[in-house]
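Step one of this worksheet: look at the structure below.
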Amino acid sequence: MPEFKTVSPNKQWPTVRYDKVAKLLLKSGYDVVQFVFKSGHIIPGVRQIKTPSFRHAVAALARASLYIGPEGGLHHASAAVSVPAVVLFGGFIPPRITGYDTHTNLTGGAVACGSLHACGHCKAAMEAITVPEVMGAARAHLEKVTA
């Protein structure tokens with residue numbers, strides 16, 4: 001069985017941008033944590049939590065102040081445990097279908113195409129979501145938590 005679904009590339013924000021967001025949050029004094037499943041990109045300088053299962057990840061997520069990541073299981077979990085989120089939708093599926101009003105849902109301005117295979121449209125939509133856009137949304141959520 002493949003480790004990732006065929007749609008995964010359509011939901012991948014450039015890893016260098018996750019690195020930049022983490023660096024900016026760390027510089028602002030936030031404790032930044034990354035769940036580590038089996039493999040994948042490791043964000044430099046952040047605390048790693050090994051999560052051998054989705055249930056372990058959700059348990060850890062329940063203690064978070066904010067989730068930043070793609071549309072998918074963890075964004076649904078963040079809604080279930082009442083954790084605010086900045087969700088990177090890109091161009092795969094529209095937020096009106098799987099999004100939550102309590103989250104900031106970013107599409108990069110794209111209309112969703114739903115492609116189940118690697119798609120240039122979805123990649124461009126993800127690349128259109130900027131670090132300042134994600135940081136602005138993150139700060140807005142975090143300010144509510146600390147207020």
Side-chain angles (χ1 to χ4, degrees), residues 1-26 28-108 110 112-119 122-123 125-131 133-147:
M1 183 156 102
E3 188 170 335
F4 294 104
K5 297 177 183 177
T6 59
V7 71
S8 294
N10 298 340
K11 296 182 177 191
Q12 180 60 56
W13 198 45
T15 56
V16 67
R17 294 187 188 178
Y18 280 113
D19 296 349
K20 288 178 183 177
V21 167
K23 186 175 182 177
L24 290 167
L25 289 170
L26 288 166
S28 295
Y30 292 102
D31 180 26
V32 181
V33 174
Q34 179 184 21
F35 299 146
V36 179
F37 295 102
K38 295 176 184 171
S39 63
H41 176 71
I42 299 296
I43 299 171
V46 304
R47 189 161 49 101
Q48 309 294 318
I49 296 179
K50 291 186 191 241
T51 50
S53 72
F54 182 74
R55 291 175 64 171
H56 284 93
V58 175
L61 180 61
R63 299 183 53 151
S65 298
L66 180 67
Y67 165 78
I68 300 173
E71 182 276 337
L74 286 175
H75 113 268
H76 292 296
S78 70
V81 296
S82 300
V83 170
V86 178
V87 184
L88 310 172
F89 273 82
F92 174 66
I93 191 166
R96 67 179 162 72
I97 302 295
T98 62
Y100 298 92
D101 292 338
T102 56
H103 294 168
T104 301
N105 302 307
L106 304 176
T107 65
C113 74
S115 177
L116 298 178
H117 301 283
C119 167
C122 291
K123 182 177 181 178
M126 280 301 208
E127 289 177 357
I129 300 170
T130 66
V131 169
E133 185 177 16
V134 171
M135 283 302 299
R139 285 189 178 110
H141 283 291
L142 291 168
E143 287 170 4
K144 289 178 192 173
V145 171
T146 59

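Note that the structure is predicted; figures quoted are calculated from it, not measured.
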Heavy-atom closest contact ([X] atom, [Y] atom, distance):
| X | Y | result |
| --- | --- | --- |
| G45 | L26 | O-CD1, 3.5 Å |
| F35 | A57 | CZ-O, 3.5 Å |
| G90 | I129 | N-CD1, 3.9 Å |
| E133 | A128 | OE1-O, 4.1 Å |
| F54 | G73 | CZ-O, 3.6 Å |
| V46 | A22 | CG1-CB, 3.7 Å |

From [X] atom [atom1] to [Y] atom [atom2], the distance as rounded to the nearest 0.5 Å:
| X | Y | atom1 | atom2 | answer |
| --- | --- | --- | --- | --- |
| R139 | L25 | CZ | CG | 7.0 Å |
| K5 | N10 | NZ | CG | 12.5 Å |
| Y67 | H103 | OH | NE2 | 9.5 Å |

Sort out for me which residue in L106, I68, N105 forms a side chain to side chain contact (heavy atoms under 4.5 Å, CB included) with V87.
-> N105
side-chain hydrogen bond (donor to acceptor under 3.5 Å, both in side chains) with D101: which residues, sequence neighbours excluded?
-> none
Side chains of residues 91-100: which donor-acceptor partners sit under 3.5 Å, not counting sequence neighbours?
| residue | atom | partner | partner atom | Å |
| --- | --- | --- | --- | --- |
| T98 | OG1 | E71 | OE2 | 3.1 |
| Y100 | OH | H76 | ND1 | 2.7 |

State, with a plain yes or no, whether a side-chain heavy atom of L24 is found less than 4.5 Å away from one of V131.
-> yes
Main-chain N/O of [Y] paired to [X] side chain as donor or acceptor, under 3.5 Å:
| X | Y | result |
| --- | --- | --- |
| R17 | V134 | no |
| Q34 | H41 | yes |
| T6 | L116 | yes |
| W13 | L88 | no |

Is the H75 to F89 ring centre distance short of 6.0 Å?
-> yes
Output, in order, the C-alpha distance, side-chain angles, deciding distance and verdict of side-chain contact (heavy atoms from CB on, under 4.5 Å) for L66 and Y30.
-> CA-CA 11 Å; L66 180 67; Y30 292 102; over 6 Å; no
Those residues at least two apart in sequence (or on a different chain) that pass side-chain contact (heavy atoms from CB on, under 4.5 Å) with K123 are E127
